[in-house]
Amino acid sequence: MKLLSKTSLYYVLMSIPLLLLFGFVCYQVITDEVKHSNDELLLNRVHLIEHYLAENDSVSIDFLIKTKEATITKTLKNNFRNGSKIIFSDTLILDKSENEMAPNRMISAFVQGEKANFQIKIWRSTIEYDELIEGILYLLVGILATFFLISLVLNFWISKKMWQPFYTAVNNLEGFRASDNRVPIFEKSTTREFAVLNNSLQKMMGKMITDYNSQKKFTENAAHEIQTPLAVIKSKVDLLIQSENLQENEVDLIVAIDDACAKMSRLNKSLLLLTKIENRQFKSTEMVAVAKVVDASLLLFEDSIANKKINLLHNTTIDLLINMNSDLCLVLINNLVQNAIRHNTIGGSITITTNSNEIIVENTGISQALDTSLVFERFHKSIATDASLGLGLAIAYEIAEVSGLSLHYQFVNDRHCFVLRVLQSQKIFL
Amino acid sequence: MKILLIEDEPELQKSIKQYFEMEGNVVELASNYTKAQQKIALYDYDCILVDITLPGGSGLDLINEVKNQKSKAGIIIISAKNALDDKIKGLDLGADDYLPKPFHLSELNSRIKALIRRKSFDGNLEIILNEIRISPLERTVFIHDELVLLTSKEYDLLLYFIANKNRVVSKSALAEHLWGDDADRLDNFDFIYNHVKNLRKKLVEKKCEDYLHTIYGIGYNFKIQR
């Protein structure tokens, strides 16, 4: 999840309960206030009636009773059972105009008149107060919600603006490749943390590029420098074998030197190839029809296949087209085919299946799955074979990696399978 | 044949010179850019072997100079830098072949022979060696004017042996020649043994003299009486 979405989500999650709490508190306060003022009003009226009674103002009292705003009854009691003189209560009273029961607030009070005790009941419809509360609440909720939305948008906008240098830095990091030889441009930031981050990243990238270049130069130079003495050894061996009457033990020595020299030379070439692939020095690409490459590879290894009496099956439903460097494709296929031959049993079989999406090289061999975490490791040899350098599959994997292909190993039905698949990114490229 | 070797490693110079002078070729040496420049300007050669990295300049520029002088010399780049762009650049400039170091002297020899053959008579020249006649364009071999059917590998082997006649050719050189960079990875030496055995059988069947001699442990020698 993106940082901005995440902060916004947290913000919303935290705000909603807060908003509800505030709403509840406001509702309580407002209803209390309204009720309080309502009661105050009713009490005032009681005092008024008390005043009328004291002055014997029967006109006003009659009016009140006539308009059904109050009842005044003579009573012998002068207080309620619990001893209080005034009680407030909520009650339902028939509203004549609407002809239905409506909620009312009622005050019952005992008043000491000159001649007798009176019980006064005054009520007042709470409908308009409820409406008032409702109105206030709506307004409040509206204000809160608007505030919430505005602050959400503001928060989003400010965060976006604030984190911009960070996003630039992340993008730069993601796209950074030492082999591009270029430190990306960072957004200038007045935020101290970002300024420090950018500065450190820039320094680090610069250092990586220098290191990479010196490493590259070193590898190239080392390989170059090693080839020349190897060439000298090889040529001297070629001259040495021209001499007549070589003794048997001398021949053995020469052959051992020649073998070691050849192995060294292969090792050097393989490592150089790996470095070049990693450095993405094979830039030119073209559409390669894989089935043809497989055929060429099988022709190259026909002697080995015949020698091991390997049963070969090459199925092509639709030829696989890959946009990649053709030299690398050749190396990749050669390495897979050669691997399938080398680790095969005498009289075993190889099945190569090509379709529009993938190529699968299956072979018989030891009836045990290889360790998937090690199979593409450099210098990893499952079985100690003299001929193998343990670099073939590592090179194949590296080539797949830089060419937008995936290469993985699986052990199915007692057969070792290497699946080379075209990734989506390659397809878009097509 | 006159060969100019432009190479700065003295021991490699010595090896190549020795190997080619055995056959009566003339090998001249240039160890740096200026010397090579002078020799190219002054003399004519059949073949020029040029290293790319040289003291005082690049071998690629030397190829340019050779071409500017309209020299007919064949050019083979021998470079330790097995870099693809160098190869393409070199061949674009007009070099005829590219042989990365380290290489077998017999391989260099076979490349030079093939190059010379291509240059003269447009490769239409037949190779005739006593009773053996080879037509390189058609890749056909005749013994006593009778066609011998060889497999592609047998044909390549025969041509290689003839190019390096009277020399000991090692099995590893043969493997490298037949399988290129993928050589000596698998049990190629056994295959060479089989191919050579078949080749020899086919030649002898057609009453060809048995020129092929096995050199114990090392390889073969295609011996022609001088």
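Chain letters run A, B, ... following the sequence lines, proteins first, then strands; residues in each count from 1.
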Under 3.5 Å, is there a donor-acceptor pair between the A/Thr228 and B/Lys101 side chains? no

Measure the spacing between OG of A/Ser235 and CD of B/Glu9 and express it to the nearest 0.5 Å. 9.0 Å

Using heavy-atom distances under 4.5 Å, tell me whether A/Asp252 contacts chain B through its side chain, its backbone, both, or neither. side chain

Given a strict heavy-atom distance threshold of 4.5 Å, which part of A/Glu302 is in contact with chain B: side chain, backbone, both, or neither? side chain

Rounding to 0.5 Å, atoms OG (B/Ser15) and CG (A/Leu240) come to a distance of 10.5 Å

Donor-acceptor pair, side chain of A/Asp238 and main chain of B/Leu105, under 3.5 angstrom: yes

Any side-chain heavy-atom pair from B/His195 and A/Asp303 closer than 4.5 angstrom? yes

When rounded to the nearest 0.5 angstrom, what distance separates CD in A/Gln242 from CZ in B/Arg167? 6.5 Å

How many angstroms lie between CG in A/Leu246 and CD1 in B/Ile215, if you round to the nearest 0.5 Å? 9.0 Å

Single hit among B/Asn221, B/Val168, B/Val169 for side-chain contact (heavy atoms from CB on, under 4.5 Å) with A/Ile241: B/Val168

Distance in Å, A/Asp259 CG paired with B/Ser172 OG, rounded so as to fall on 0.5 Å steps: 7.0 Å

Region of B/Lys171 that comes under 4.5 Å of a non-hydrogen atom in chain A: neither

Residue B/Glu11 versus chain A: region with a heavy atom under 4.5 Å: both

Region of A/Asp258 in contact with chain B, defined by heavy-atom distances below 4.5 Å: side chain

Turns out that what part of B/Phe103 lies under 4.5 Å from chain A's heavy atoms comes down to backbone

Using non-hydrogen atoms and a 4.5 Å limit, figure out which bit of A/Leu299 sits close to chain B: side chain, backbone, both or neither. backbone

What part of A/Val232 lies closer than 4.5 angstrom to a heavy atom of chain B: side chain, backbone, both or neither? both

Measure A/Ile233 against the heavy atoms of chain B and call it side chain, backbone, both or neither at under 4.5 Å. neither

Taking everything shown except B/Lys39 itself, do over 12 heavy atoms lie less than 6.0 Å from its NZ? yes

Looking at B/Lys113, I'd like to know if its NZ atom is crowded, meaning that more than 12 non-hydrogen atoms belonging to other residues, nucleotides or ligands lie closer than 6.0 Å. yes

salt_bridge(A/Lys234, B/Glu176) N-O dist < 4.0 Å: yes

